[in-house]
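Everything on this sheet refers to the single structure shown next.
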Amino acid sequence: MVQERSERTRRKLVQAGAEMFHRNGYASATLGGIAAFAGVTKGALYFHFASKEELAEAVQLRGCALLDEAVRELRASGLRPLQTLVDTTHWLARNLREEPSIPAGFRITKECAGLREGGTDFHRFWLAAVCELLRQAREAGELRAGTDWESIESLVAAAACGIETLAGTGMPYAELQRRVAGLWSLLLPSLVPEGAEANYRAGMPGTVPLSRPADDPADAPLDALGAPVPAGVTGSTG
């Protein structure tokens, strides 16, 4: 029972730390403020974390663990590596709003660049996850032959990292979701063999692939960003 309470307190502190680092930045967040936000004493905080740096490390590790779990679950569901990559970027867009350890991880990385020797770096972890899924897609034969690998990797990595920048502007989540779908609606046709984009979704799970045969009765029109047009809406979306 005591151990369970201790674990609950630790989780509360990590969550509170993530929220404060995300809102105020690493330099401005204080341990006293984090303890108060978590509803615990500073003594309880120091029992679990000897310094702000230790708490920041725990926040980074939480973000990395959540990302790793999301990728493993998507792959275990039977998705191909490239679709897993698309869905992982949508996961990031959602959790930049819903899970404070994700934006906090990015912010800690930026603010503490060069100051935290050997610490966990969520930004690097995110980039590594993106590049690993892209590598798996190449090994699975999903990518267009004859395209320079370094150029593909650089383009996709830059696009994936740009999602956090878009989210940081404060745009509504629905707009961010559309923009991520729009990003993939442009990238996928250039990444896969001609016509193979019909096998992939650019939007969130539950939306339709980029294109289907014209005579497919199940085909649904897509807007300019690769998202399905609501029933009853006709005409150009541009």
side-chain contact (heavy atoms from CB on, under 4.5 Å) evaluation trace for L134 with W149:
CA-CA 10 Å; L134 192 63; W149 166 248; 3.7 Å; yes

Evaluation steps, side-chain contact (heavy atoms from CB on, under 4.5 Å), between E153 and V130
CA-CA 9 Å; E153 187 179 46; V130 168; over 6 Å; no

After noting the C-alpha distance and the side-chain angles of R144 and E194, does the key distance pass the salt bridge (Lys or Arg N to Asp or Glu O under 4.0 Å) rule?
CA-CA 8 Å; R144 185 187 296 265; E194 185 175 356; 5.4 Å; no

Worked verdict on E197 versus S185 for side-chain contact (heavy atoms from CB on, under 4.5 Å)
CA-CA 9 Å; E197 64 270 16; S185 72; over 6 Å; no

Between V180 and L166, does a side-chain contact (heavy atoms from CB on, under 4.5 Å) hold up when you go through it step by step?
CA-CA 9 Å; V180 175; L166 286 174; 5.8 Å; no

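Just one residue in the list T41, V40, L45 forms a side chain to side chain contact (heavy atoms under 4.5 Å, CB included) with T9, and that residue is V40.
Residues in residues 1-23 take part in these ring-ring contact (aromatic ring centres under 6.0 Å, His included) pairs, two or more places apart or across chains: F21-Y26.
Proximity of Q60 to T109: side-chain heavy atoms (C-beta onward) are separated by under 4.5 Å at one or more points. Looking at heavy atoms from C-beta onward, W126 lies out of side-chain contact with I102 at the 4.5 angstrom threshold. The closest side-chain heavy-atom distance from F106 to T165 is not below 4.5 Å. With a 4.5 Å cut-off on side-chain heavy atoms, F125 and T120 do not count as touching. V71 is not listed as a side-chain neighbour of W91, based on a closest heavy-atom distance of 4.5 Å or more. Taking 4.5 Å as the limit, every side-chain heavy atom of L176 sits out of range of all side-chain heavy atoms of T169. Residues H123 and C161 have side chains in contact (heavy-atom distance under 4.5 Å, counting atoms from C-beta outward). For the pair N199/V192, no side-chain contact is recorded, criterion being any heavy-atom separation below 4.5 Å from C-beta on.
Remark: T84 engages no residue in a side chain to side chain donor-acceptor pair (under 3.5 Å) (not counting sequence neighbours). Listed by chain and number, the residues in a side chain to side chain donor-acceptor pair (under 3.5 Å) with E4 amount to none (sequence neighbours excluded).
The CD1 atom of I108 sits 10.5 Å away from atom CZ of F122, with the distance rounded to the nearest 0.5 Å. Atom CD of E54 is separated from atom OH of Y46 by 11.0 Å, given to the nearest 0.5 angstrom. The distance from atom CZ of R97 to atom CG of L92, rounded to the nearest 0.5 Å, is 11.0 Å. Expressed to the nearest 0.5 Å, how far CG of L82 lies from CG of L188 amounts to 5.5 Å. Interatomic distance, CD of Q177 versus OG1 of T207, reported as 8.0 Å (0.5 Å rounding). Distance CD/E111 to OG/S28: 7.5 Å, rounded to 0.5 Å.
Of the possible donor and acceptor atoms, none in the side chain of E139 sits under 3.5 Å from a partner among the backbone N and O of R135. Remark: the backbone N or O of G119 is not paired with any side-chain donor or acceptor of E57 at under 3.5 angstrom. Under a 3.5 Å cut-off, the side chain of N95 and the backbone N or O of E98 do not form any donor-acceptor pair. Put simply, the side chain of E142 never gets that close to the backbone of A140: no donor and acceptor are under 3.5 Å apart. In terms of modelled atom types and a separation under 3.5 Å, the side chain of K52 and the main chain of A29 share a donor-acceptor contact. Side chain of R8 to backbone of K12: no donor-acceptor contact under 3.5 angstrom is found.
For OH of Y173, the number of neighbouring non-hydrogen atoms (other residues, nucleotides, ligands) closer than 6.0 Å is greater than 12.
Heavy-atom minimum distance, A198 versus P209: O-CB, 3.0 Å. Counting all heavy atoms, side chain and backbone alike, G17 lies closest to L55 at CA-CD2, 4.2 Å. Heavy atoms only, all atoms of each residue included: V59 and A18 are closest at CG2-N, 3.7 Å. Heavy atoms only, all atoms of each residue included: A137 and P81 are closest at N-CB, 3.6 Å. Listed here is the closest heavy atom pair of L186 and P189: O-CD, 3.5 Å.
Cluster membership for L79 and M204, using ILVMFWY side-chain heavy atoms within less than 4.5 angstrom, is not shared. By the criterion of side-chain heavy atoms lying less than 4.5 angstrom apart, applied directly or through intervening Ile, Leu, Val, Met, Phe, Trp or Tyr residues, L127 is not grouped with L133; the two fall into different hydrophobic clusters. Under a hydrophobic clustering in which Ile, Leu, Val, Met, Phe, Trp and Tyr are joined whenever their side-chain heavy atoms come within less than 4.5 Å, directly or via other members, L67 and L74 fall into different clusters. Linking ILVMFWY side-chain heavy atoms closer than 4.5 Å, directly or via other members, places L13 and L61 in two distinct hydrophobic clusters.
With Y200 as the aromatic partner, R80 meets the cation-pi criteria of under 6.0 angstrom to the ring centre and within 45 degrees of the ring axis.
A salt bridge links K110 with E164; the closest basic N to acidic carboxylate O contact falls under 4.0 Å. Looking at R94 and E99, no side-chain N of the basic residue comes within less than 4.0 Å of a carboxylate O on the acidic one, giving no salt bridge.
Judged purely by distance below 3.5 Å, without hydrogens or angles, the side chains of Q15 and E19 never pair a donor atom with an acceptor atom.
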